[in-house]
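For ligands, and for the atoms within them, numbers begin at 1 and follow the listed sequence. Just so you know, these numbers come straight off a predicted model, no measurement behind them.
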Amino acid sequence: MTEQEQTEEKLFKDLGLSPEIQQAIDEIGFDKPSPIQAEAIPELLAGHDVIGQAQTGTGKTAAFGLPMLQYLDPANDEVQAIVLTPTRELCIQVTQALRSYAEHLDIEIVAVFGGAPIRSQQAQLRSGAHVVVATVGRMKDLISRRSLVLTAARFVVLDEADEMLDLGFIEDVERILRMCPSGRQTALFSATMPPPIKRLADTFMYDPVTISITPKTLTVDAIEQAFVEVPGRAKVDKLIEVVKEEDPEQAILFCRTKIGASRLERDLKNRGLDVKALHGDLSQGVRDGVMLAFKNHRCKLLVATDIAARGLDVDHVTHVINYDIPNSSETYVHRIGRTGRAGRTGRAITFVTPDQRRDLEQIKKDVKASISEWEKPEDRIEHARPPRRKRRGEQPAPLDDQPAVAVEEVEEFDEVVEVPLEGPGGDQPETASDDIPDAREGAVKLFVNRGSRSDITEEDLRWALREGAVLSDDQISDVRVLERFSFVEVDGDVAEKTVEFLDGTKLKGSGIRVEIARS
Ligand code: AMP
């Protein structure tokens, strides 16, 4: 049996987790540990420092979160653990995940991040926090205001360390690490290991165990992969053709350089496409705005460089287009992992110039994927159409009556069907708009794309509003859960903030979309 197969056979109960944590995992519905969890949890429980080379989507939050929670002492009111994150989105996401894992523990987890009032975060810290999940800047700020002391923080996690480096936070991270006890346990997660991160690990970690999730494990089977061979000068035209044919719900177009990304954005805009760009030449504020616009479906195409797109966790990306072929197989896997999330199918299309065919062959070999030549969707369906599944007693339909896409695909999509981009009031299923009364005066109705079918209850939504969007109970006037989606009503002045904090995050393991409902 290979090492990989052994890892896959491990069960959560083999990892040494406490009954309370096991119960939470069972309730969340995690079946088996992911590879990073199977390897990192026993090491962390044994007290070792761990470097996990893994990106979002691999289950890294539980990999560090479960052992961390297990070792906290609820009776001790000091901050015993900190998790540093590069962005507010990740900060909120990690906090929500940790809270769900700590469901049966008496552990307080507080999120502190920029862009939200510091006073309420100070108040939350004052009323007790065993774990603080923070963005770097806000943590520094709270330390300098003496609202946070780290003398008892014996468990430290650096999440997405390479992104913290990219955003220029690494010196601050080092300063924060120096304030933590020297006998602490440190876990560092990073998709890549550039030299400054290696140096940081050498300086601040004690004999760490490195766990790398290989590209093979990262590749999601649900991603169909294709390539387009095209001379450099014809790339833009070909891209426009591919985008029109594929008609993505949302797509990320990857470029290798910042200049290339700006140029492509300009070229596509000039041709009338709805596109935004995300790259390192933009300020953090602009980047946040672009990310938010993309998450909220206010733009369909995002041109991005590898570094800028890290940490972008969006569930509805149906297509990744490698406009420039990535410079390594590892980057290829990271890029295409942006689609095919949450059990959906995704497509990855890689552009190669004739002299880059060899690079493509290398990727195919490393990733062990079949990357076939791109075909227009209609041709693809013709080729791929499987025999129609016959229901009992049903005569085969004449060919002309058969659906335009394979029946299996239709059934699969039916399971994960999403409310169209227009949101409620547009193409939304009729039951919802008929059922829902107008919002109370001064309140705003928000639409959430999950309902009882995703196992979401009214209490879950109230919890998300309280904990994720930091609302008080009197700011929430109504919560209504329907089968496939829900409506919540919140005070008008906190509606935008609620969307910003909750849209694109996860609830009970499902990505949720939150938007203002159109009346
Ligand atoms: P992360 O990489 O921590 O952001 O996790 C990605 C997604 O995988 C989250 O939605 C988790 O809830 C989910 N997840 C984490 N661990 C498991 C597991 N063992 N089985 C199934 N889903 C998981």
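Salt-bridge check for Arg480 with Glu489: failed, with every basic side-chain N at 4.0 Å or more from each acidic carboxylate O.
The number of heavy atoms from other shown groups lying within 6.0 Å of CD (Glu171) does not exceed 12. Within a 6.0 Å radius of CD in Glu458, other residues, nucleotides and ligands contribute more than 12 heavy atoms.
The heavy atom nearest to atom 14 (N) of ligand 1, out of those in Phe30, Phe189, Phe64, is found in Phe30. Closest heavy-atom approach to atom 16 (N) of ligand 1 among the candidates Gln93, Gln96, Gln37: Gln37.
The salt bridge (charged side-chain N to carboxylate O under 4.0 Å, His left out) analysis of residues 131-140, with sequence neighbours excluded, yields the pairs Lys140-Asp172.
Looking at Lys32 against ligand 1, only its backbone comes within 4.0 Å, counting heavy atoms.
Atoms of ligand 1 lying under 4.0 Å from at least one heavy atom of Phe12, given by number and element, are 19 (N). Atoms of ligand 1 found under 4.0 Å from any heavy atom of Ser34 (numbered from 1 in listed order, with element): 19 (N).
A distance of 8.5 Å separates OG1 of Thr331 from CD1 of Ile363, quoted to the nearest 0.5 Å.
At a 3.5 angstrom cut-off on N or O pairs, Thr61 counts as close to ligand 1.
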